[in-house]
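Here the structure is a predicted model, which is why all the values come from computation and not from measurement. In what follows, every chain begins at residue 1, and chains take the letters A, B, ... in the order their sequences are listed.
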2 protein chains.
Amino acid sequence: MNAEIISVGTEILLGDILNSNAQFLAQQFAELGIPHYFQTVVGDNPERLKRAIAIASDRANLIVFTGGLGPTPDDLTTETIADFFQTPLVEKPEIIEDIQQKFAQRGRMMTDNNRKQALIPEGANILCNAIGSAPGMIWQPRANLTILTFPGVPTEMKYMWREVAVPYLKSQGWGKDIIVSRTLRFWGISESALAEKVAPFFDLQNPTVAPYANYGEVKLRISAKAASAEAAQALITPIEQQLSEIAGIDQYGADQDTLASVVGDLLKSRHETLSVAESCTGGGLGQMLTRVSGSSAYFWGGIISYDNSVKEKMLGVDPSAIAEQGAVSAIVAEQMAMGVRTQLNTTWGVSITGVAGPEGGTDAKPVGLVYIGLANAEGATSQPYRFGDRGREWVRQVSACSALDQLRRRLLNKS
Amino acid sequence: MNAEIISVGTEILLGDILNSNAQFLAQQFAELGIPHYFQTVVGDNPERLKRAIAIASDRANLIVFTGGLGPTPDDLTTETIADFFQTPLVEKPEIIEDIQQKFAQRGRMMTDNNRKQALIPEGANILCNAIGSAPGMIWQPRANLTILTFPGVPTEMKYMWREVAVPYLKSQGWGKDIIVSRTLRFWGISESALAEKVAPFFDLQNPTVAPYANYGEVKLRISAKAASAEAAQALITPIEQQLSEIAGIDQYGADQDTLASVVGDLLKSRHETLSVAESCTGGGLGQMLTRVSGSSAYFWGGIISYDNSVKEKMLGVDPSAIAEQGAVSAIVAEQMAMGVRTQLNTTWGVSITGVAGPEGGTDAKPVGLVYIGLANAEGATSQPYRFGDRGREWVRQVSACSALDQLRRRLLNKS
């Protein structure tokens, strides 16, 4: 029993998009313990797609297709698969109803193009797409061969995979020996520094421990293989406890946790509220906080003080402080944090002011210099960070995360 | 004459790494005008790699391998290729010298493992690796078939490709034609609706026109093949003009444009300024605007009025309006836009208030219902949008883009 991925899309062959769907599916196969030996990318071309199907169906029992399910003429995946297995297409009225409903919801009319999305091979089942118009299919064109098709849009593909495909595959006996992973999340420590602390764990065989890092965040992934989720979890738990003990405050959470969700939980438990004052991040910190559903319980809002006039008028920053110290300075960060806290009447005020670049850097205040302010009833403090000139979006992202981490440590009374 | 990519590496099949090398090579093929129909990923397994070589050598004239050239036992690409074409490996003393020199420079001794990196098939040429230890090869195992191998390390692979492989391929008559592409960007029209308007263009052969869509944005990609960039551009220009004419206001830009950069250019040219009032997007609109370097010229800031108290106190929204119409309503959107414009003293005020979900939806105000307000000296207007329940982040992202698009159309006096 082994699986194979066929990614359909000329845009991949042109290098327009990175084939991240294949990586996601590969990770999923690994987690489910489904062997996976080949991946193929082919363009929106029926003849070549048929050649890819011929090869894959000859060596795999499960073929997962992504892409080519849209309404346009170059979306040919479904009809080409049907044609290869010499099976007629049938129109599924329930798909048409579903598309009509979704379009109506968005105040749009369904076009004739969408009708073709309702055609699937005779005998195939619909693989529902709850969040997009293009459904996929689950089909066994012959014994020992299962075909799944997904749209190329990653959000839709991932949702359909998790919600529909995984339960189906398990019901069919795939993924018996399962792999369970747990990702520990860290902020404020470098990958190499953490790796040194936990080096011996990298030699473990089951569970395995592997480090990852991106955008300033460091992760340790613990992966255990066992016959059941419970057995795998039993292998993970003691290792996780040891790693957490070693890492201490630098670990902010695990798995689906984000710095924003962790800070939110801390604020909720303390019945405290938060507001933000953002300059160089321009709203990115507020967006991060409100990504958490239910954040309205503790996040009241903020002021994007991109222009100095807004810092002065809306946050009460002293114009002479800006004139003397500059907008990117400790005192301005502190006055911004205090100002937003007072204006919005929250327990905490957090502020960010810095040089995101690429322009605006000086010898004294280079690109990547960011001040993060923190205010509560006792007053305001600030910390300077030097993130370096690693790109505007990198500096902005890491600044917002560092602001959340600074508040997190303060709430845990460790900084 | 067509090329094919074989990416070798179990780490890709496990989903540990994204296959960015394939995207780079695909872009290079496109720029060089080298037809490219298939990509294959296979693990570090000689038997399966041979099967991949058999298939590729049967349908391609140029096979580019990445990965599996290292010194470790699981690096098997070179010997497996030689084995498939039944050609003995020979040791190249110049490779050994080169590796020894590089190691000496870093104060390290060459290990026996590295000796195997000096073995290439009889008759093959060395593809020099100036920046790493693992060289690749250029080999014609038979007529009309050229094989190039590269290490998997992207920096080394890209360097070797540009410095050695491209000049070689051109000397061999590859890449005479080049392909130039132009991407037209649209907002406010569905992929299927746009596709119907421009359907005849999809039948063009050179240039070709193909539609793409994600996160509410629709794109048309025009790709032309010609002997020179100028000749290709000459093929693209008239088609672009016709498509732009048909699409009209729904086209907001092309290539690197974003809704934020286009709106920014419009504001700059009019010497006007902008502020934002955000509820459900929580700062996402401000972040989008400030992603554009230099946006401080026209974007002054905003107020994140997540909590109703902030809408009332900072934006002057009438509490009775919230009580009677709800925070997600036309009047509140209009008062938010007017309020932030007045407070921050800008030409324009844009506001967003909606139900991002997953919680908070009602029959009257379902998840995905968003009001976008727009205010200037003449007063405030608003528009309702029904984005549907497609996930919190999707609704937030599309809301921010729609707010920018609403302002764009207003600035163009078309709405």
Under a 4.0 Å N-O cut-off, is there an ion pair linking B/Arg59 with B/Glu4?
-> yes
Can A/Asp98 and A/Gln101 be counted as having a side-chain donor-acceptor contact under 3.5 angstrom?
-> no
Tell me, for A/Ser309 versus chain B, whether the close heavy atoms (under 4.5 Å) come from the side chain, the backbone, both or neither.
-> side chain
For each of B/Lys311, B/Glu196, B/Met288, B/Glu31, tally heavy-atom pairs with chain A at distances under 4.5 Å, and name the one with the top tally.
-> B/Glu196
Using a strict 4.0 Å threshold on nitrogen-to-oxygen distance, state whether B/Glu191 and B/Lys219 make a salt bridge.
-> no
Check whether any side-chain heavy atom of A/Ser275 lies under 4.5 Å from a side-chain heavy atom of A/Phe299, and answer yes or no.
-> no
Checking A/Gln28 against chain B: side chain, backbone, both or neither under 4.5 Å from a heavy atom?
-> neither
Among B/Trp394, B/Tyr306, B/Tyr385, who wins on heavy-atom pairs under 4.5 Å with chain A?
-> B/Tyr306
Is it the backbone or the side chain of A/Pro358 that comes under 4.5 Å from a heavy atom of chain B, or both, or neither?
-> both
What residue, out of A/Asp74, A/Thr10, A/Thr111, A/Ile5, has the most heavy-atom pairs lying under 4.5 Å from chain B?
-> A/Thr111
Top contributor to chain B contacts, counting heavy-atom pairs under 4.5 Å, from A/Leu14, A/Ile303, A/Val310 | A/Leu14
Side chain, backbone, both or neither: which part of A/Asp16 has an atom under 4.5 Å from a heavy atom of chain B?
-> both
Are A/Met110 and A/Lys102 side-chain neighbours, meaning at least one heavy-atom pair lies under 4.5 Å?
-> no
Comparing A/Gln27, A/Arg392, A/Gln105 against chain B, the one with the most heavy-atom pairs below 4.5 Å turns out to be A/Arg392
Which region of A/Tyr159, side chain (C-beta onward) or backbone (N, CA, C, O), has a non-hydrogen atom less than 4.5 Å from a non-hydrogen atom of chain B, or is it both or neither?
-> neither
For B/Gly301 and B/Leu344, which heavy atoms make the closest approach, and how far apart are they?
-> C-CD2, 3.4 Å
Please flag which part of A/Val340 lies under 4.5 Å from any non-hydrogen atom of chain B: side chain, backbone, both or neither.
-> neither
Which atoms of B/Leu194 approach chain A - backbone, side chain, both or neither, heavy atom under 4.5 Å | neither
Between B/Ser7 and B/Gln39, a side-chain donor and acceptor under 3.5 Å | no
Pick whichever of A/Val292, A/Leu25, A/Val276 has the most heavy-atom pairs under 4.5 Å with chain B.
-> A/Val292
Can you measure from OG1 (A/Thr40) to CD1 (A/Ile55) and round to the nearest 0.5 angstrom?
-> 7.0 Å
Are the side chains of B/Val370 and B/Thr353 in touch, meaning some heavy atoms are under 4.5 Å apart?
-> no
Describe, in one word, how the ring planes of A/Trp161 and A/Phe24 are oriented to each other, choosing from parallel (under 30°), tilted (30 to 60°) and perpendicular (over 60°).
-> perpendicular
Heavy-atom pairs under 4.5 Å with chain B are the metric here; pick the option from A/Ser279, A/Ser305, A/Ser293 that has the most.
-> A/Ser293
Please state whether the side chain, the backbone, both or neither of A/Tyr37 comes within less than 4.5 Å of a heavy atom of chain B.
-> both
Give, as side chain, backbone, both or neither, the part of A/Arg396 having an atom under 4.5 angstrom from any heavy atom of chain B.
-> side chain
Select one option (side chain, backbone, both, neither) describing which atoms of A/Thr72 are under 4.5 Å from chain B's heavy atoms.
-> side chain
Heavy-atom distances under 4.5 Å only: say whether A/Glu393 touches chain B with side chain, backbone, both or neither.
-> side chain
Most heavy-atom pairs under 4.5 angstrom with chain A, which of B/Arg48, B/His36, B/Arg386?
-> B/Arg48
Toward chain B, the part of A/Ile12 with a non-hydrogen atom under 4.5 Å | both
Segment of B/Arg291 engaging chain A (4.5 angstrom heavy-atom cut-off) | both
Going by heavy atoms in the side chains, are A/Lys313 and B/Gln343 under 4.5 Å from each other?
-> yes
Scan side-chain atoms only and decide if A/Thr346 and A/Thr273 contain a donor-acceptor pair under the 3.5 Å cut-off.
-> no
Counting only heavy atoms closer than 4.5 Å, note whether A/Glu278 contacts chain B via side chain, backbone, both or neither.
-> side chain
Taking C-beta and beyond as the side chain, do B/Phe202 and B/Pro211 meet within less than 4.5 Å on heavy atoms?
-> yes
Closest non-hydrogen contact found for B/Ala356 with B/Cys280 is CB-CB, 4.3 Å
In terms of heavy-atom pairs under 4.5 Å with chain B, which of A/Ala52, A/Ala22, A/Ser295, A/Gly132 leads?
-> A/Ser295
Checking heavy atoms, do the side chain of B/Tyr212, its backbone, both or neither come under 4.5 Å from chain A?
-> side chain
Given a strict heavy-atom distance threshold of 4.5 Å, which part of A/Ala30 is in contact with chain B: side chain, backbone, both, or neither?
-> side chain
Which answer fits A/Asp112, side chain, backbone, both or neither, if we ask what part of it has an atom under 4.5 Å from a heavy atom of chain B?
-> both
Do A/Ile53 and A/Leu49 come close enough that some side-chain heavy atom pair is under 4.5 Å?
-> yes
